[in-house]
Amino acid sequence: MKVKYELVKKDSQTLARRGIIHTNYGNYATPMFMPVGTLANVKTLVKEELLACHSAIILSNTYHLWLRPGENVINKAGGLHKFMNYDGPILTDSGGFQVFSLALKKDILEEGVIFKSHLNGERLFLTPELSIQIQNKLDSDIAMSFDECPPYPVTREYMEKSVERTLRWAKRGKDVHCNERQSLFGIVQGGEFADLRKKSAIETVKLDFDGYSIGGTSVGEDKKTMYKMIDDCISYLPEDKPRYLMGVGDPLDILEGVTRGVDMFDCVMPTRLARHGNAFTHCGKINLKNLQFKEDFTPLEDGCDCYTCKNYTKSYIRHLVTCDETLGGRLLSIHNIRFLIKLTEDIREAISKDNLLEFKESFIKNYTK
RNA sequence: GCCUCAAUAGCUCAGUCGGUUAGAGCACUUGACUGUUAAUCAAGGGGUCGUAGGUCCGAGUCCUACUUGGGGCG
(Lines give C-alpha, C1' and ligand atoms only; values in the text may rest on other atoms or scores of the structure.)
Protein backbone atom coordinates (compact mmCIF):
# COMPACT_ATOMS: atom_id res chain seq x y z
CA MET A 1 0.00 0.00 0.00
CA LYS A 2 0.97 3.62 -0.37
CA VAL A 3 1.82 5.56 2.74
CA LYS A 4 -1.03 7.63 4.14
CA TYR A 5 -0.73 10.67 6.32
CA GLU A 6 -3.25 11.12 9.09
CA LEU A 7 -3.33 14.51 10.74
CA VAL A 8 -3.86 14.20 14.49
CA LYS A 9 -3.36 17.69 15.85
CA LYS A 10 -2.22 21.06 14.64
CA ASP A 11 -0.23 23.28 16.95
CA SER A 12 -2.06 26.48 17.78
CA GLN A 13 0.96 28.80 17.79
CA THR A 14 3.12 27.41 14.98
CA LEU A 15 2.71 25.45 11.75
CA ALA A 16 3.74 22.28 13.57
CA ARG A 17 1.49 19.28 13.32
CA ARG A 18 1.30 15.93 14.93
CA GLY A 19 0.30 13.04 12.71
CA ILE A 20 0.51 9.36 11.92
CA ILE A 21 2.11 7.94 8.83
CA HIS A 22 0.60 4.61 7.81
CA THR A 23 3.07 2.29 6.08
CA ASN A 24 3.42 -1.32 4.94
CA TYR A 25 5.20 -2.01 8.21
CA GLY A 26 2.96 -0.27 10.68
CA ASN A 27 1.89 3.18 11.71
CA TYR A 28 4.29 5.73 13.09
CA ALA A 29 3.90 9.07 14.79
CA THR A 30 5.20 12.24 13.21
CA PRO A 31 7.19 14.47 13.41
CA MET A 32 9.81 11.73 13.13
CA PHE A 33 13.53 11.37 12.63
CA MET A 34 14.81 8.73 10.21
CA PRO A 35 18.34 7.33 10.67
CA VAL A 36 20.41 6.98 7.51
CA GLY A 37 21.63 3.61 6.30
CA THR A 38 23.11 4.41 2.91
CA LEU A 39 24.58 1.01 2.11
CA ALA A 40 21.69 -1.05 3.48
CA ASN A 41 22.88 -0.62 7.04
CA VAL A 42 22.82 2.10 9.64
CA LYS A 43 26.54 2.14 10.16
CA THR A 44 27.70 -0.13 13.01
CA LEU A 45 24.17 -0.93 14.26
CA VAL A 46 21.97 -4.01 14.06
CA LYS A 47 18.17 -3.95 13.78
CA GLU A 48 17.59 -4.63 17.47
CA GLU A 49 19.68 -1.63 18.43
CA LEU A 50 17.74 0.61 16.04
CA LEU A 51 14.44 -0.63 17.40
CA ALA A 52 15.66 -0.01 20.94
CA CYS A 53 16.20 3.61 19.86
CA HIS A 54 12.51 3.60 18.76
CA SER A 55 13.61 4.05 15.18
CA ALA A 56 10.79 3.81 12.64
CA ILE A 57 11.60 4.52 8.99
CA ILE A 58 15.21 4.28 7.90
CA LEU A 59 16.90 5.49 4.73
CA SER A 60 18.93 3.73 2.13
CA ASN A 61 20.45 4.91 -1.13
CA THR A 62 19.75 4.04 -4.75
CA TYR A 63 23.06 5.19 -6.20
CA HIS A 64 25.18 3.30 -3.70
CA LEU A 65 23.15 0.08 -3.84
CA TRP A 66 23.06 0.27 -7.65
CA LEU A 67 26.88 0.17 -7.62
CA ARG A 68 27.14 -2.44 -4.90
CA PRO A 69 25.75 -5.07 -4.69
CA GLY A 70 23.44 -4.09 -7.59
CA GLU A 71 19.65 -3.89 -7.51
CA ASN A 72 19.29 -7.35 -9.07
CA VAL A 73 21.12 -9.01 -6.18
CA ILE A 74 18.80 -7.30 -3.72
CA ASN A 75 15.78 -8.18 -5.85
CA LYS A 76 16.83 -11.84 -5.86
CA ALA A 77 17.28 -11.70 -2.10
CA GLY A 78 13.60 -10.82 -1.87
CA GLY A 79 13.93 -7.05 -1.64
CA LEU A 80 15.78 -4.67 0.60
CA HIS A 81 13.89 -5.59 3.78
CA LYS A 82 14.83 -9.25 3.56
CA PHE A 83 18.30 -8.50 2.28
CA MET A 84 19.21 -6.32 5.25
CA ASN A 85 16.92 -7.98 7.79
CA TYR A 86 14.90 -4.86 8.56
CA ASP A 87 11.18 -5.37 8.92
CA GLY A 88 10.34 -1.72 9.31
CA PRO A 89 9.66 0.90 6.66
CA ILE A 90 12.53 1.85 4.37
CA LEU A 91 12.83 4.99 2.28
CA THR A 92 15.32 5.05 -0.56
CA ASP A 93 16.91 8.25 -1.73
CA SER A 94 17.03 8.47 -5.50
CA GLY A 95 20.68 9.27 -6.09
CA GLY A 96 19.72 12.91 -6.43
CA PHE A 97 21.94 13.93 -3.57
CA GLN A 98 24.89 12.30 -5.31
CA VAL A 99 24.34 14.84 -8.10
CA PHE A 100 25.55 17.26 -5.45
CA SER A 101 27.99 15.23 -3.39
CA LEU A 102 29.92 13.71 -6.29
CA ALA A 103 30.38 17.20 -7.65
CA LEU A 104 33.72 16.63 -9.38
CA LYS A 105 32.65 13.35 -10.92
CA LYS A 106 29.46 14.21 -12.78
CA ASP A 107 27.98 15.81 -15.86
CA ILE A 108 24.31 16.86 -15.85
CA LEU A 109 22.36 16.41 -19.07
CA GLU A 110 18.65 16.67 -19.83
CA GLU A 111 18.48 12.90 -20.23
CA GLY A 112 20.16 12.21 -16.89
CA VAL A 113 23.47 12.47 -15.05
CA ILE A 114 26.78 10.97 -16.08
CA PHE A 115 28.59 9.87 -12.95
CA LYS A 116 32.12 8.68 -12.70
CA SER A 117 31.93 5.96 -10.12
CA HIS A 118 33.55 7.06 -6.87
CA LEU A 119 34.80 3.48 -6.57
CA ASN A 120 36.71 3.00 -9.80
CA GLY A 121 36.04 5.94 -12.10
CA GLU A 122 33.78 3.87 -14.37
CA ARG A 123 31.40 6.01 -16.45
CA LEU A 124 27.80 5.55 -15.25
CA PHE A 125 24.58 7.05 -16.56
CA LEU A 126 21.73 7.49 -14.11
CA THR A 127 18.40 8.75 -15.44
CA PRO A 128 15.13 9.54 -13.63
CA GLU A 129 13.60 6.40 -15.17
CA LEU A 130 16.52 4.19 -14.13
CA SER A 131 16.52 5.57 -10.59
CA ILE A 132 12.84 4.71 -10.19
CA GLN A 133 13.28 1.30 -11.82
CA ILE A 134 16.13 0.50 -9.44
CA GLN A 135 14.02 1.63 -6.48
CA ASN A 136 11.10 -0.50 -7.73
CA LYS A 137 13.42 -3.49 -7.66
CA LEU A 138 14.86 -2.60 -4.26
CA ASP A 139 11.24 -2.63 -3.10
CA SER A 140 11.60 0.11 -0.52
CA ASP A 141 8.41 1.49 0.99
CA ILE A 142 9.04 5.04 -0.14
CA ALA A 143 10.95 5.93 -3.29
CA MET A 144 12.22 9.42 -4.00
CA SER A 145 12.08 11.23 -7.31
CA PHE A 146 15.41 11.70 -9.02
CA ASP A 147 16.24 15.39 -8.62
CA GLU A 148 19.14 17.74 -8.95
CA CYS A 149 20.39 19.08 -5.64
CA PRO A 150 22.31 22.12 -6.87
CA PRO A 151 25.27 23.45 -4.92
CA TYR A 152 25.10 26.75 -3.03
CA PRO A 153 25.24 29.35 -4.24
CA VAL A 154 24.27 29.18 -7.91
CA THR A 155 22.92 31.94 -10.13
CA ARG A 156 19.19 32.47 -10.43
CA GLU A 157 19.46 31.57 -14.10
CA TYR A 158 21.02 28.21 -13.25
CA MET A 159 18.50 27.50 -10.51
CA GLU A 160 15.59 28.32 -12.79
CA LYS A 161 16.77 25.78 -15.36
CA SER A 162 17.55 23.25 -12.66
CA VAL A 163 14.08 23.54 -11.13
CA GLU A 164 12.46 23.05 -14.55
CA ARG A 165 14.63 20.04 -15.25
CA THR A 166 13.92 18.50 -11.86
CA LEU A 167 10.19 18.91 -12.59
CA ARG A 168 10.57 17.14 -15.95
CA TRP A 169 12.59 14.42 -14.23
CA ALA A 170 9.89 14.05 -11.55
CA LYS A 171 7.22 13.48 -14.23
CA ARG A 172 9.41 11.04 -16.15
CA GLY A 173 10.09 9.07 -12.98
CA LYS A 174 6.46 9.00 -11.99
CA ASP A 175 5.47 7.78 -15.46
CA VAL A 176 7.61 4.65 -15.15
CA HIS A 177 6.98 3.96 -11.46
CA CYS A 178 5.22 0.61 -11.27
CA ASN A 179 5.54 -0.85 -7.78
CA GLU A 180 2.04 -0.95 -6.27
CA ARG A 181 3.19 -1.26 -2.68
CA GLN A 182 5.82 1.48 -3.00
CA SER A 183 5.05 5.17 -2.49
CA LEU A 184 6.75 7.88 -4.49
CA PHE A 185 7.66 11.33 -3.12
CA GLY A 186 8.31 14.47 -5.12
CA ILE A 187 11.07 16.91 -4.23
CA VAL A 188 10.84 20.69 -4.09
CA GLN A 189 13.95 22.61 -5.12
CA GLY A 190 14.59 26.28 -5.94
CA GLY A 191 17.49 27.20 -3.69
CA GLU A 192 17.12 30.52 -1.89
CA PHE A 193 14.86 32.02 -4.55
CA ALA A 194 11.41 32.37 -3.03
CA ASP A 195 9.49 32.45 -6.32
CA LEU A 196 11.33 29.37 -7.60
CA ARG A 197 10.60 27.51 -4.36
CA LYS A 198 6.94 28.42 -4.75
CA LYS A 199 6.83 27.40 -8.39
CA SER A 200 8.69 24.15 -7.69
CA ALA A 201 6.25 23.30 -4.90
CA ILE A 202 3.11 24.10 -6.89
CA GLU A 203 4.25 22.25 -10.01
CA THR A 204 5.50 19.24 -8.07
CA VAL A 205 2.19 18.99 -6.22
CA LYS A 206 0.36 19.06 -9.57
CA LEU A 207 2.13 15.81 -10.44
CA ASP A 208 0.37 14.24 -7.44
CA PHE A 209 2.90 12.35 -5.34
CA ASP A 210 2.33 10.34 -2.15
CA GLY A 211 4.40 12.80 -0.17
CA TYR A 212 6.58 15.85 -0.69
CA SER A 213 10.04 16.67 0.39
CA ILE A 214 12.03 19.85 0.56
CA GLY A 215 15.46 19.33 -0.93
CA GLY A 216 18.46 21.49 -1.60
CA THR A 217 18.87 22.71 1.97
CA SER A 218 21.87 22.39 4.27
CA VAL A 219 24.24 22.61 1.32
CA GLY A 220 26.34 25.45 2.72
CA GLU A 221 23.84 28.27 3.19
CA ASP A 222 23.44 29.95 6.57
CA LYS A 223 20.68 28.83 8.91
CA LYS A 224 18.51 31.89 8.34
CA THR A 225 18.53 31.21 4.60
CA MET A 226 17.79 27.55 5.17
CA TYR A 227 14.75 28.30 7.33
CA LYS A 228 13.51 30.77 4.73
CA MET A 229 13.82 28.07 2.06
CA ILE A 230 11.31 26.04 4.08
CA ASP A 231 9.01 29.02 4.64
CA ASP A 232 9.02 29.84 0.95
CA CYS A 233 7.52 26.54 -0.15
CA ILE A 234 5.88 24.61 2.65
CA SER A 235 2.55 26.44 2.52
CA TYR A 236 2.06 25.18 -1.04
CA LEU A 237 2.30 21.54 0.05
CA PRO A 238 -0.98 19.73 0.75
CA GLU A 239 -2.03 19.15 4.34
CA ASP A 240 -3.01 15.56 3.76
CA LYS A 241 0.43 14.35 2.64
CA PRO A 242 3.66 13.94 4.60
CA ARG A 243 6.28 16.66 4.33
CA TYR A 244 9.89 15.64 4.52
CA LEU A 245 12.89 17.94 4.96
CA MET A 246 15.74 16.06 3.35
CA GLY A 247 19.11 15.71 5.00
CA VAL A 248 18.37 17.81 8.03
CA GLY A 249 19.05 16.54 11.49
CA ASP A 250 20.77 19.10 13.65
CA PRO A 251 18.57 19.25 16.78
CA LEU A 252 18.00 22.98 16.36
CA ASP A 253 17.12 22.53 12.69
CA ILE A 254 14.63 19.80 13.54
CA LEU A 255 12.89 22.21 15.93
CA GLU A 256 12.88 24.96 13.33
CA GLY A 257 11.60 22.52 10.71
CA VAL A 258 8.83 21.17 12.91
CA THR A 259 7.52 24.63 13.78
CA ARG A 260 7.41 25.34 10.05
CA GLY A 261 5.26 22.27 9.39
CA VAL A 262 7.76 19.50 8.58
CA ASP A 263 6.86 15.89 9.47
CA MET A 264 9.94 13.88 8.56
CA PHE A 265 13.68 14.41 8.86
CA ASP A 266 16.73 12.33 8.05
CA CYS A 267 20.39 12.96 8.61
CA VAL A 268 23.75 11.23 8.77
CA MET A 269 24.69 13.54 11.61
CA PRO A 270 23.99 11.28 14.60
CA THR A 271 25.95 8.36 13.17
CA ARG A 272 28.75 10.36 11.58
CA LEU A 273 29.29 12.52 14.64
CA ALA A 274 29.30 9.32 16.68
CA ARG A 275 32.03 7.74 14.59
CA HIS A 276 33.95 10.97 14.99
CA GLY A 277 33.65 10.81 18.77
CA ASN A 278 30.81 13.27 19.41
CA ALA A 279 27.61 12.97 21.42
CA PHE A 280 24.46 15.07 21.49
CA THR A 281 23.38 16.29 24.90
CA HIS A 282 20.73 18.76 25.97
CA CYS A 283 23.59 21.17 26.71
CA GLY A 284 24.96 20.95 23.17
CA LYS A 285 27.17 18.38 21.58
CA ILE A 286 30.27 17.16 23.34
CA ASN A 287 33.48 15.74 21.91
CA LEU A 288 34.48 12.64 23.83
CA LYS A 289 38.05 13.05 22.62
CA ASN A 290 38.37 16.03 24.94
CA LEU A 291 40.71 15.58 27.89
CA GLN A 292 38.03 16.71 30.34
CA PHE A 293 36.23 13.36 29.98
CA LYS A 294 39.24 11.18 30.76
CA GLU A 295 38.07 10.48 34.30
CA ASP A 296 34.40 11.39 33.92
CA PHE A 297 32.60 8.32 35.19
CA THR A 298 29.10 9.62 34.49
CA PRO A 299 26.89 8.72 31.51
CA LEU A 300 26.84 10.85 28.36
CA GLU A 301 23.70 12.40 29.72
CA ASP A 302 22.04 11.92 33.09
CA GLY A 303 18.56 10.50 32.74
CA CYS A 304 18.97 9.38 29.13
CA ASP A 305 17.15 6.10 28.56
CA CYS A 306 19.45 4.78 25.82
CA TYR A 307 21.42 1.57 26.14
CA THR A 308 24.71 3.44 26.15
CA CYS A 309 23.80 5.80 28.96
CA LYS A 310 22.31 3.00 31.02
CA ASN A 311 25.52 0.98 30.84
CA TYR A 312 28.61 3.07 30.10
CA THR A 313 30.51 6.14 31.24
CA LYS A 314 32.08 9.01 29.34
CA SER A 315 35.48 7.87 30.55
CA TYR A 316 35.00 4.41 29.04
CA ILE A 317 33.63 5.76 25.75
CA ARG A 318 36.49 8.26 25.56
CA HIS A 319 38.89 5.36 26.05
CA LEU A 320 37.28 3.45 23.17
CA VAL A 321 37.24 6.50 20.90
CA THR A 322 40.85 7.33 21.73
CA CYS A 323 41.90 3.78 20.91
CA ASP A 324 39.89 3.78 17.65
CA GLU A 325 37.77 0.92 18.91
CA THR A 326 34.63 0.34 16.83
CA LEU A 327 32.50 -0.05 19.93
CA GLY A 328 33.00 3.64 20.73
CA GLY A 329 31.29 4.70 17.50
CA ARG A 330 28.60 2.10 18.05
CA LEU A 331 27.74 3.24 21.56
CA LEU A 332 27.75 6.88 20.47
CA SER A 333 25.57 6.07 17.43
CA ILE A 334 23.01 4.43 19.70
CA HIS A 335 22.98 7.45 21.98
CA ASN A 336 22.83 10.04 19.20
CA ILE A 337 20.04 8.30 17.29
CA ARG A 338 18.07 7.85 20.49
CA PHE A 339 18.68 11.52 21.32
CA LEU A 340 17.15 12.75 18.05
CA ILE A 341 14.26 10.32 18.17
CA LYS A 342 13.59 11.26 21.79
CA LEU A 343 13.63 14.88 20.68
CA THR A 344 10.84 14.12 18.20
CA GLU A 345 8.94 12.25 20.92
CA ASP A 346 9.19 15.28 23.18
CA ILE A 347 8.12 17.51 20.28
CA ARG A 348 5.03 15.36 19.67
CA GLU A 349 4.15 15.48 23.33
CA ALA A 350 4.58 19.25 23.34
CA ILE A 351 2.25 19.55 20.34
CA SER A 352 -0.31 17.44 22.17
CA LYS A 353 0.01 19.60 25.25
CA ASP A 354 0.02 22.72 23.13
CA ASN A 355 3.26 24.03 24.57
CA LEU A 356 5.62 23.49 21.63
CA LEU A 357 6.93 27.06 21.51
CA GLU A 358 7.72 26.93 25.19
CA PHE A 359 9.45 23.57 24.74
CA LYS A 360 11.40 24.87 21.76
CA GLU A 361 12.64 27.97 23.55
CA SER A 362 13.64 26.01 26.60
CA PHE A 363 15.47 23.40 24.50
CA ILE A 364 17.37 26.03 22.51
CA LYS A 365 18.30 27.94 25.65
CA ASN A 366 19.82 24.81 27.17
CA TYR A 367 21.42 23.56 23.99
CA THR A 368 23.18 26.78 23.11
CA LYS A 369 24.18 28.06 26.54
C1' G B 1 90.38 -3.69 26.80
C1' C B 2 90.15 -2.69 21.38
C1' C B 3 87.31 -1.82 16.83
C1' U B 4 82.84 -0.13 14.81
C1' C B 5 77.95 2.01 14.25
C1' A B 6 74.47 5.08 16.36
C1' A B 7 72.46 9.37 19.48
C1' U B 8 67.58 15.05 16.02
C1' A B 9 59.92 16.38 18.93
C1' G B 10 56.64 11.87 23.73
C1' C B 11 57.79 7.46 19.94
C1' U B 12 59.90 5.85 15.04
C1' C B 13 62.78 8.41 11.81
C1' A B 14 64.17 12.18 7.42
C1' G B 15 67.68 16.14 7.20
C1' U B 16 71.40 16.85 0.16
C1' C B 17 78.10 19.67 -0.76
C1' G B 18 78.58 22.95 5.90
C1' G B 19 74.27 27.94 4.20
C1' U B 20 67.18 31.25 5.22
C1' U B 21 62.97 30.22 10.71
C1' A B 22 65.51 21.86 11.67
C1' G B 23 60.89 18.47 9.00
C1' A B 24 57.50 13.92 8.51
C1' G B 25 54.43 9.93 10.34
C1' C B 26 52.33 8.40 14.76
C1' A B 27 50.98 10.22 19.60
C1' C B 28 49.02 14.50 22.20
C1' U B 29 45.55 19.08 22.42
C1' U B 30 41.54 21.21 19.83
C1' G B 31 38.08 22.20 15.82
C1' A B 32 34.75 20.82 11.71
C1' C B 33 30.89 17.43 10.10
C1' U B 34 23.20 18.20 7.89
C1' G B 35 19.01 13.39 1.39
C1' U B 36 27.30 9.33 3.84
C1' U B 37 32.82 9.46 -1.83
C1' A B 38 33.49 10.84 5.38
C1' A B 39 35.19 5.29 11.93
C1' U B 40 36.96 11.27 7.97
C1' C B 41 39.15 15.98 7.37
C1' A B 42 41.63 20.35 9.32
C1' A B 43 44.45 23.16 12.78
C1' G B 44 47.66 23.70 17.03
C1' G B 45 51.32 22.79 20.88
C1' G B 46 55.86 20.23 21.27
C1' G B 47 63.41 20.84 19.75
C1' U B 48 69.76 23.31 24.46
C1' C B 49 69.95 18.24 17.27
C1' G B 50 73.54 13.12 23.81
C1' U B 51 77.48 16.43 26.69
C1' A B 52 81.87 19.59 26.50
C1' G B 53 85.30 21.75 23.46
C1' G B 54 87.39 22.90 18.49
C1' U B 55 87.61 24.36 13.00
C1' C B 56 84.82 27.91 10.06
C1' C B 57 81.96 34.13 8.05
C1' G B 58 78.49 30.11 9.24
C1' A B 59 77.98 23.39 12.36
C1' G B 60 72.21 18.92 13.23
C1' U B 61 76.09 18.17 9.33
C1' C B 62 83.39 18.37 9.85
C1' C B 63 87.30 17.27 14.04
C1' U B 64 88.53 15.72 19.39
C1' A B 65 87.20 13.87 24.08
C1' C B 66 83.53 12.09 27.12
C1' U B 67 78.52 9.74 28.14
C1' U B 68 74.83 6.20 26.78
C1' G B 69 73.16 2.24 23.62
C1' G B 70 73.75 -1.64 19.59
C1' G B 71 77.11 -4.95 16.97
C1' G B 72 81.93 -7.27 16.47
C1' C B 73 86.91 -8.87 18.17
C1' G B 74 89.71 -10.39 22.31
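Chain identifiers are assigned alphabetically (A, B, ...) following the order of the sequence lines, protein sequences preceding nucleic acid strands; residue numbering begins at 1 within each chain.
Side chain to side chain, A:Asn179 and A:Asp139 meet the donor-acceptor criterion of an N or O pair below 3.5 Å. Between A:Thr225 and A:Glu192, the side chains place no donor N or O within less than 3.5 Å of an acceptor N or O (distance only, hydrogens not considered). At a cut-off of 3.5 Å, with distance as the only test, no side-chain donor of A:His81 or A:Asp87 sits close to an acceptor on the other residue.
The distance between atom CD1 of A:Ile337 and atom P of B:U36, rounded to the nearest whole Å, is 14 Å. Rounded to an integer number of Å, the gap from NZ of A:Lys289 to P of B:U40 is 9 Å. Distance CG (A:Asn278) to P (B:U40): 14 Å, rounded to an integer number of Å. Atom CE of A:Met246 is separated from atom P of B:U34 by 15 Å (rounded to the nearest Å).
Minimum atom distance to the side chain of A:Arg275 is reached by B:U36, of the listed B:U36, B:G31, B:G35. Side-chain proximity of A:Asn287 to the nucleotides B:U36, B:G31, B:U30 is greatest for B:G31. For A:Ser101, taking side-chain heavy atoms from C-beta onward, the closest of the listed nucleotides B:A39, B:U37, B:A32 is B:U37. Residue A:Leu291 has its side chain nearest to B:U29 when only B:U29, B:A38, B:U37 are considered.
The pair A:Glu110-A:Arg168 meets the salt-bridge criterion, with a side-chain N (NZ, NE, NH1 or NH2) lying under 4.0 Å from an Asp/Glu carboxylate O. Note on A:Lys10 versus A:Glu239: salt bridge recorded, some NZ/NE/NH1/NH2 to OD/OE distance being below 4.0 Å. Between A:Asp354 and A:Lys9, at least one side-chain N (NZ, or NE/NH1/NH2) sits under 4.0 Å from a carboxylate O, which counts as a salt bridge.
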Just the table, please: protein N/O against nucleotides 10-12 of chain B N/O, every pair under 3.5 Å.
none

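The separation of B:C28 from B:U61, taken at their P atoms, amounts to 33 Å, rounded to a whole angstrom. Across B:U37 and B:G46, the matching C1' atoms stand 34 Å from one another, rounded to whole Å. B:A24 and B:C3: their C1' atoms are spaced 35 Å apart (whole Å). Rounded to the nearest Å, the gap between the C1' atom of B:G19 and that of B:C13 is 24 Å.
The aromatic ring of A:His276 sits over the base of B:U40, with ring centres less than 5.5 Å apart and planes inclined by under 30°.
Taking only distance into account, the side chain of A:Asp250 never meets the base of B:U34 through a donor-acceptor pair shorter than 3.5 Å. You won't find any donor-acceptor pair under 3.5 Å spanning the side chain of A:Asn61 and the base of B:G35, going by distance alone. Taking 3.5 Å as the limit, the base of B:U34 and the side chain of A:Lys223 contain a donor-acceptor pair of atoms between them. In this model, a side-chain donor or acceptor of A:Thr271 finds a partner on the base of B:U36 within 3.5 Å.
When heavy atoms are screened at a 4.0 angstrom cut-off, A:Leu273 is found touching base atoms of the nucleic acid. At the heavy-atom level, A:Thr322 lies under 4.0 Å from the strands shown only through sugar-phosphate atoms.
Around the NZ atom of A:Lys47, the shell of radius 6.0 Å holds more than 12 heavy atoms that belong to other residues, nucleotides or ligands.
The aromatic ring centres of A:His282 and A:Phe363 sit less than 6.0 Å apart.
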(message) Output the pairing pattern of RNA chain B as a dot-bracket string, 5' first, Watson-Crick or G-U wobble with both distances under 3.5 Å, | for cross-strand pairs, [ ] for crossing pairs.
(response) (((((((..((((.....[...)))).(((((.......))))).....(((((..]....)))))))))))).
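A donor-acceptor distance shorter than 3.5 angstrom exists from the side chain of A:Ser315 to the backbone of A:Lys294, with no hydrogens or angles considered.
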